[in-house]
Every structure is written in C-alpha cells, then in structure tokens.
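This report refers to the structure that appears directly beneath it.
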Amino acid sequence: MKKVTKAVIPAAGLGTRVLPATKAIPKEMLPIVDKPTLQYIVEEVIESGIKEILIIIGRNKTSIEDHFDRSIELEKTLAEKGKSDLLGLVEDISNLVDIHYVRQKEPKGLGHAIYCARTFVRDEPFAVLLGDDIVKSEPPCLRQLVDIYNEKHGSVVGVQEVPDEDVNKYGIVKYIDGSNGTYRISDLIEKPELKDAPSNMAIMGRYVITPAIFDILGRTKPGKGGEIQLTDALNELARKEDIFAHIFKGKRFDAGDKMGYLKATIEFALEKEDLGPELRKYIKELQKKF
Ligand code: UTP
C-alpha cells in the first residue's frame with residue numbers, strides 16, 4: 001500500500017465572506033495574531049510527517065509564494081541589527097518544507113482546485129487541507145486521518161458534529177456502520193437543507209483521498225452554487241471504493257468567516273505568554289460593560 005507523502009492546500013478561492021480585506025490579500029494570508037492562517041496549516045502538514053506540499057493559488061496570490069520563500073533583504077537587515085530572534089522566525093518559514101505551486105486559472109470550486117493537483121499527485125493517496133481551516137489539536141488533525149487511512153486503506157474525511165442550524169453550511173455524510181469515531185460512508189451531500197440531511201456529521205476541511213478521485217473530478221459537473229464540488233466527486237468515489245468519516249479530536253476554526261476569524265484570533269492570543277495575561281484582563285474589563 002502506498003503511503004501518504006503529499007499534501008494539497010487549495011488557496012485559490014475569492015474569499016468573498018471577508019471582503020474588502022480580501023480584495024488584494026488572499027484570506028489564507030490574513031494573520032491569526034502574528035502568523036498567516038496558511039502557515040498554521042503548513043505547520044500541521046509538517047507535524048503530520050508529510051514533506052511535499054502543493055498550494056493551489058489564484059490571482060493575487062503572489063504574497064503566498066513570497067511568504068514561504070527566503071527574504072534575503074529582510075534577513076540581511078535583521079542580521080546587521082543583531083535581531084537574531086526575529087531572524088530565526090523569518091528564516092524558519094522558508095526552511096520549513098519544499099512547497100510547490102500551481103495556478104487555478106478560475107475559481108470554479110474546490111473540486112476543480114483539487115483537479116489542478118493531478119500532475120503533482122499522480123497515482124498516490126494524498127492529503128487535502130483547506131487553506132482557511134485551522135485545527136488546534138494534539139496529535140495534529142491530519143496525523144489522525146493518516147493513521148485511519150493506514151488502518152483502513154481507503155479515503156478518509158475529517159468530520160465533527162454540528163448543531164442543526166449549521167448543517168446547511170457543510171458537506172454532510174451518511175454512514176453505514178463503524179465504531180470508535182470511524183464510520184464507513186455511503187453518501188456525501190454538499191450543504192443539504194436540514195430536512196434532507198442524513199446526519200449532523202460535517203466535513204471539516206481535512207481529507208486523505210485516493211488518486212481514483214481525479215478521473216471522477218475530470219467529469220464532475222458543477223453542483224451547489226454552480227461550483228465543481230469535491231463532495232460530489234467523493235460521493236461518486238463512495239460507489240467504487242470504501243470511504244470513511246473520522247471524528248477527529250481538536251478544535252476547528254473557519255478563519256475564512258468573520259466570526260471564526262475573530263474566535264481564532266482571541267483563542268490563539270490568549271495562549272501566548274506575551275499577550276495572554278493582558279488580553280485576559282482587557283476582556284474582563286470589557287465584560288463589565290455588557
Ligand atoms: P471556500 O468556499 O471557503 O472559499 O473554499 P471561498 O470561495 O474563497 O469563500 P467565500 O465563500 O467566497 O468567502 C474552501 C477552500 O477552497 C479554496 C479556498 O481558497 C478555501 O481555502 N478554493 C475554493 C479554491 O482553491 N478554489 C475554488 O475555486 C474555491
């Protein structure tokens with residue numbers, strides 16, 4: 001059985017939910033405290049033992065390439081000023097891993113973005129991490145899914161239960177059997193109405209997928225919202241191969257949504273030694289006014 005050695009991070013969406021911030025800056029580059037969302041995701045890939053990354057970029061995404069590249073001028077200035085701690089931070093980013101890029105020429109949907117990865121992935125199982133979904137967990141969320149893939153030898157989608165009112169915002173799975181948080185799936189439905197939803201188990205931006213998906217994606221027609229949906233292609237894959245849903249441990253933030261972005265910012269800041277204590281005091285003060 002082939003091992004999972006490659007990860008694909010789609011980051012070519014328009015980010016309309018956070019306009020106008022995303023007019024010139026990709027939402028994946030908006031910082032959560034002092035690090036762009038995308039860097040948290042790249043770090044999760046590395047901590048999960050995967051060393052090759054493909055980022056799907058769109059227009060206005062050159063800042064992504066610059067961020068993960070070396071910045072010789074900045075490094076030189078910091079070295080001259082003796083700012084070795086900052087120099088370390090800047091150098092670390094470019095030393096993290098080998099990152100490749102491919103351009104999705106038009107944002108035709110997540111399924112279409114993943115299809116752009118076919119030459120990079122070839123005939124291997126691969127990981128997908130959405131560029132705006134951060135998961136705080138130990139072990140890393142992707143590591144948890146790769147472990148299930150190694151055990152079951154089939155595609156795995158990361159899921160968590162959501163309340164009824166949120167079901168229509170996610171891909172939802174229908175499962176046949178399973179236990180201990182891992183279930184065999186029969187159907188995957190993109191953003192169903194609550195009355196049509198077969199469960200409350202929602203797909204949360206982390207996947208391990210077998211390469212059979214590419215043939216299917218090549219002929220998947222636009223679905224919900226006129227976009228080529230990865231969920232629709234996975235639904236077809238489930239007719240051919242066993243696919244599993246795994247309820248991963250950890251807290252997930254949708255940083256591509258204003259409220260999710262705020263929550264992530266506050267929680268990550270509270271955990272920082274240099275910011276947490278003062279921020280906690282400030283929040284307590286604010287609370288008195290509510
Ligand atoms: P989203 O649906 O959250 O991204 O896609 P979006 O379309 O940018 O969001 P809004 O609704 O307009 O605010 C999930 C992930 O898939 C990527 C996005 O960049 C995001 O990381 N994506 C989406 C692509 O790479 N290409 C696409 O055509 C669509």
Side-chain angles (χ1 to χ4, degrees), residues 7-32 36-45 53-65 67-68 99-118 120-121 126-135 141-142 157-160 162 166 168-172 188-192 202-207 209 213-214 217-218 220-234 252-264:
V8 176
I9 306 176
L14 292 177
T16 52
R17 282 170 295 163
V18 257
L19 275 170
T22 49
K23 206 175 152 206
I25 303 165
K27 64 176 166 179
E28 293 80 5
M29 286 305 289
L30 296 177
I32 305 293
T37 301
L38 194 52
Q39 191 177 336
Y40 289 93
I41 296 166
V42 166
E43 287 172 2
E44 180 185 331
V45 173
I53 297 180
L54 177 75
I55 301 180
I56 317 282
I57 50 173
R59 57 169 193 74
N60 285 341
K61 304 274 177 167
T62 42
S63 59
I64 295 180
E65 292 178 80
H67 183 75
F68 291 104
I99 302 182
H100 308 257
Y101 300 92
V102 67
R103 223 174 155 103
Q104 183 189 18
K105 294 199 177 69
E106 256 183 276
K108 291 188 191 169
L110 176 58
H112 181 257
I114 299 302
Y115 189 60
C116 299
R118 63 195 181 284
F120 169 81
V121 170
F126 63 105
V128 172
L129 302 94
L130 297 194
D132 55 354
D133 264 352
I134 299 181
V135 183
C141 177
L142 180 59
V157 298
V159 297
Q160 286 194 332
V162 295
D166 288 342
N168 65 0
K169 297 182 188 148
Y170 294 92
I172 298 289
L188 300 91
I189 307 154
E190 183 63 19
K191 301 193 174 89
I203 305 171
M204 295 282 180
R206 296 290 183 276
Y207 314 70
I209 307 177
I213 197 74
F214 291 116
L217 279 173
T220 302
K221 299 268 173 299
K224 266 262 148 78
E227 296 192 338
I228 297 173
Q229 298 288 354
L230 179 61
T231 310
D232 294 345
L234 286 167
R252 172 258 185 189
F253 299 91
D254 179 0
D257 163 85
K258 280 181 225 172
M259 187 50 77
Y261 180 79
L262 280 174
K263 286 181 181 171

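Positions are given from 1, in the same order as the sequence printed here. Both counts, for ligands and for their atoms, begin at 1 and track the order of listing.
Listed by number with element, the atoms of ligand 1 under 4.0 Å from a non-hydrogen atom of G109 are 26 (N), 27 (C), 28 (O), 29 (C). Contact atoms of ligand 1 toward P107: 28 (O) (distance under 4.0 Å to a heavy atom of the residue). Applying the 4.0 Å criterion to heavy atoms of E28 picks out, from ligand 1, the atoms 18 (C), 19 (O), 20 (C), 21 (O). Atoms of ligand 1 lying under 4.0 Å from at least one heavy atom of A113, given by number and element, are 24 (C), 25 (O), 26 (N). In summary, the atoms of ligand 1 found under 4.0 Å from a heavy atom of K108, numbered by their order in the structure, are 28 (O). Near Q104, the atoms of ligand 1 lying under 4.0 angstrom from a non-hydrogen atom of the residue are 24 (C), 25 (O), 26 (N), 27 (C), 28 (O). Interface of T16 with ligand 1, defined as ligand atoms under 4.0 Å from a residue heavy atom, comprises 10 (P), 11 (O), 12 (O), 13 (O).
Looking at ligand 1, you won't find any N or O of G256 less than 3.5 Å from one of its N or O atoms. Below 3.5 Å of separation, one finds an N or O of G131 facing an N or O of ligand 1. In terms of polar-atom proximity, defined here as any N/O pair under 3.5 Å, G15 does make such a contact with ligand 1.
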Going through the distances and angles, do T220 and Y115 end up as a side chain to side chain contact (heavy atoms under 4.5 Å, CB included)? CA-CA 10 Å; T220 302; Y115 189 60; over 6 Å; no

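In this structure, D257 has no salt bridge (Lys or Arg N to Asp or Glu O under 4.0 Å) partners at least two apart in sequence or on a different chain.
Taking CD1 of I203 as the reference point, atom CD1 of I189 lies at 9.5 Å (rounded to 0.5 Å).
Comparing V8, I114, L130, L230 against atom 14 (C) of ligand 1, the shortest heavy-atom distance belongs to L130.
Of all the heavy atoms of K27, the ones lying under 4.0 Å from any atom of ligand 1 belong exclusively to the side chain. Of all the heavy atoms of D132, the ones lying under 4.0 Å from any atom of ligand 1 are found in both the backbone and the side chain.
Between the side chain of T37 and the main chain of L30, a donor-acceptor pair closer than 3.5 Å is present. With hydrogens and angles ignored, the 3.5 Å screen pairs no side-chain donor or acceptor of Y261 with any backbone N or O of F253. Here the side chain of E44 pairs a donor or acceptor atom with the backbone of L142 at under 3.5 angstrom.
Using a 4.5 Å cut-off on side-chain heavy atoms (C-beta onward), R206 and I41 make contact.
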Got a list of side-chain donor-acceptor pairs under 3.5 Å for residues 100-110, not counting sequence neighbours?
| from | atom 1 | to | atom 2 | distance (Å) |
| --- | --- | --- | --- | --- |
| Q104 | NE2 | E106 | O | 3.3 |
| Q104 | NE2 | G109 | O | 3.4 |
| Q104 | NE2 | H112 | ND1 | 2.9 |

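At least one heavy atom of L14 lies less than 4.0 angstrom from ligand 1.
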